[in-house]
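For reference, the structure discussed in these notes is given below.
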Amino acid sequence: DANEWIFNSSTVEAWLYSTLIPFWNLTGNDTYNELISKRMYSMAGLELGDSWAESDNDTNMNHAAWALGAVTAAEMDFPADSSKESWLFYAGQAQGTLSSTFAFSNICDGGLEISNVDIEETNKSMKDALSNGEFLQLSARLAYLTTGDNQSSYVADAVKVWDWCVDNDMVVESNWTINYLVTNTTASGNCTAMATNNGEYTYIYGLYMSAAAYMYNVVGLERLPHHV
């Protein structure tokens with residue numbers, strides 16, 4: 001598979017912990033808890049850090065995958081080391097890094113690129129629904145967990161990501177489909193869906209649907225009528 005590099009082992013590991021933490025929460029089986037904590041804390045200065053690490057594996061997708069693991073731990077009160085920051089802190093820190101990255105792009109007026117430019121220079125004009133969907137869900141879940149100014153900031157980011165996805169042909173509201181890849185090789189104008197390599201992944205639909213559900217619980221239908 002020519003795109004095998006996109007889903008590096010670190011991303012898959014983070015997805016695993018987003019499954020194992022609910023497993024512990026539902027069953028009380030703590031067999032993997034020590035491993036999960038050790039690996040999650042090892043990312044405190046990398047994927048869960050407040051800036052980009054100099055790592056070829058540190059793609060937007062990977063960064064967001066670990067952040068979703070942290071927010072899952074926060075939601076389910078996963079055991080934490082009292083000498084370290086909370087899981088909510090790490091999730092919020094990573095969200096801030098993704099928010100800055102989202103706004104930094106001068107192609108299509110924002111959006112998360114499919115990869116680190118250091119990995120593949122040609123991909124700097126390609127935006128993917130997985131990275132942006134993970135960022136959307138992360139922002140919505142953090143909005144659900146927080147209050148006050150923090151909540152308002154996460155709500156604003158979630159709305160911004162959704163609207164960007166709609167404006168750039170990633171989320172098609174007329175028939176509720178999602179285009180995995182959108183692109184534009186110029187610094188002006190919106191992205192449009194790529195004619196090829198636009199696979200359908202149920203995980204991505206789940207990211208957007210669940211994010212909309214979280215947002216509905218936070219702001220209600222009146223403020224977000226066309227997003228839910």
Side-chain angles (χ1 to χ4, degrees), residues 1-81 83-99 101-102 112-120 123 127-142 145 180-181 199 201-208 210-211:
D1 185 345
N3 291 317
E4 184 177 0
W5 61 269
I6 297 176
F7 305 100
N8 65 62
S9 60
S10 180
T11 304
V12 176
E13 181 185 2
W15 288 342
L16 174 63
Y17 300 149
S18 283
T19 302
L20 288 178
I21 292 171
F23 168 77
W24 158 79
N25 182 258
L26 287 169
T27 66
N29 186 330
D30 62 0
T31 300
Y32 305 105
N33 284 17
E34 184 177 350
L35 170 65
I36 296 169
S37 295
K38 180 179 179 180
R39 292 297 297 144
M40 293 274 284
Y41 284 128
S42 75
M43 297 295 167
L46 296 170
E47 278 73 9
L48 296 176
D50 59 1
S51 62
W52 277 102
E54 293 298 322
S55 167
D56 280 351
N57 284 334
D58 208 8
T59 62
N60 289 309
M61 186 187 304
N62 194 37
H63 209 77
W66 284 96
L68 288 177
V71 80
T72 300
E75 288 173 338
M76 299 188 173
D77 200 23
F78 187 71
D81 186 337
S83 68
K84 301 182 185 300
E85 299 288 355
S86 69
W87 297 121
L88 184 63
F89 172 88
Y90 289 121
Q93 189 166 249
Q95 195 276 347
T97 301
L98 289 165
S99 181
T101 306
F102 185 94
L112 296 178
E113 299 165 1
I114 192 169
S115 77
N116 186 327
V117 174
D118 291 338
I119 298 178
E120 192 70 38
N123 284 337
K127 315 296 175 83
D128 69 292
L130 209 164
S131 297
N132 288 279
E134 286 181 328
F135 178 41
L136 169 68
Q137 192 197 85
L138 174 65
S139 299
R141 290 169 72 176
L142 284 169
L145 287 174
Y180 177 56
L181 292 175
Y201 300 99
T202 55
Y203 175 65
I204 296 174
Y205 280 86
L207 289 171
Y208 286 82
S210 58

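Remember, predicted model here, so these are calculated numbers, not experimental data.
Remark: the backbone N or O of G96 is not paired with any side-chain donor or acceptor of S99 at under 3.5 angstrom. Not a single donor-acceptor pair under 3.5 Å links the side chain of N25 to the backbone N or O of I21. Here the side chain of Q93 pairs a donor or acceptor atom with the backbone of L48 at under 3.5 angstrom.
Summarising the geometry of L88 relative to L145, their closest heavy-atom pair is CD1-CD1, 3.9 Å, with the distance given to 0.1 Å. The two residues A129 and Y208 make their nearest non-hydrogen contact at O-OH, 3.2 Å. Taking each heavy atom of P79 and S37 in turn, the nearest pair found is O-OG, 3.9 Å. Considering all non-hydrogen atoms of both residues, A140 and A211 come closest at CB-O, 3.6 Å. Smallest separation of non-hydrogen atoms from A67 and L138: CB-CD2, 3.5 Å.
Y32 and W24 have their aromatic ring centers separated by at least 6.0 angstrom.
Evaluated for a side chain to side chain contact (heavy atoms under 4.5 Å, CB included) with N60, the options E134, K127, E113 yield exactly one hit, E113. With Y17 as the fixed residue, the ring-ring contact (aromatic ring centres under 6.0 Å, His included) test singles out one of W66, Y41, F23, W87: W66.
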Problem - Working for side chain to side chain contact (heavy atoms under 4.5 Å, CB included), residues E47 and T97 - result: CA-CA 9 Å; E47 278 73 9; T97 301; over 6 Å; no

Handout entry: side chain to side chain contact (heavy atoms under 4.5 Å, CB included) between K84 and F89, intermediate numbers included
Key = CA-CA 10 Å; K84 301 182 185 300; F89 172 88; over 6 Å; no

Exercise for the section: Could you walk me through whether V71 and L142 pass the side chain to side chain contact (heavy atoms under 4.5 Å, CB included) test, one step at a time? Expected result: CA-CA 7 Å; V71 80; L142 284 169; 3.9 Å; yes

Practice task
Just do the side chain to side chain contact (heavy atoms under 4.5 Å, CB included) check on T59 and I114 with the steps written out, would you?
Solution key: CA-CA 7 Å; T59 62; I114 192 169; over 6 Å; no

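In this structure, H63 NE2 and T101 OG1 are separated by 6.5 Å, a value rounded to the nearest 0.5 Å. Atoms CG and CD, on L207 and Q137 in that order, are 5.0 Å from each other to the nearest 0.5 Å. Taking CG of D81 as the start and NZ of K38 as the end, the distance is 13.5 Å to the nearest 0.5 Å. We find the CG-CG distance between D30 and L35 to be 12.5 Å, quoted to the nearest 0.5 Å. Annotation: the span from S86 atom OG to D77 atom CG amounts to 10.5 Å, rounded to 0.5 Å. The CG atom of L98 lies 8.5 Å from the OG atom of S131; values are rounded to the nearest 0.5 Å.
The aromatic rings of F135 and F102 lie tilted to each other, with the angle between the two planes from 30° to 60°. Below 30°, between 30° and 60°, or above 60°: for Y201 and Y180 the angle between ring planes is above 60°, a perpendicular geometry.
Contact check for T19 versus W15: no side-chain heavy atoms found under the 4.5 Å cut-off. Looking at heavy atoms from C-beta onward, T72 lies in side-chain contact with P22 at the 4.5 angstrom threshold.
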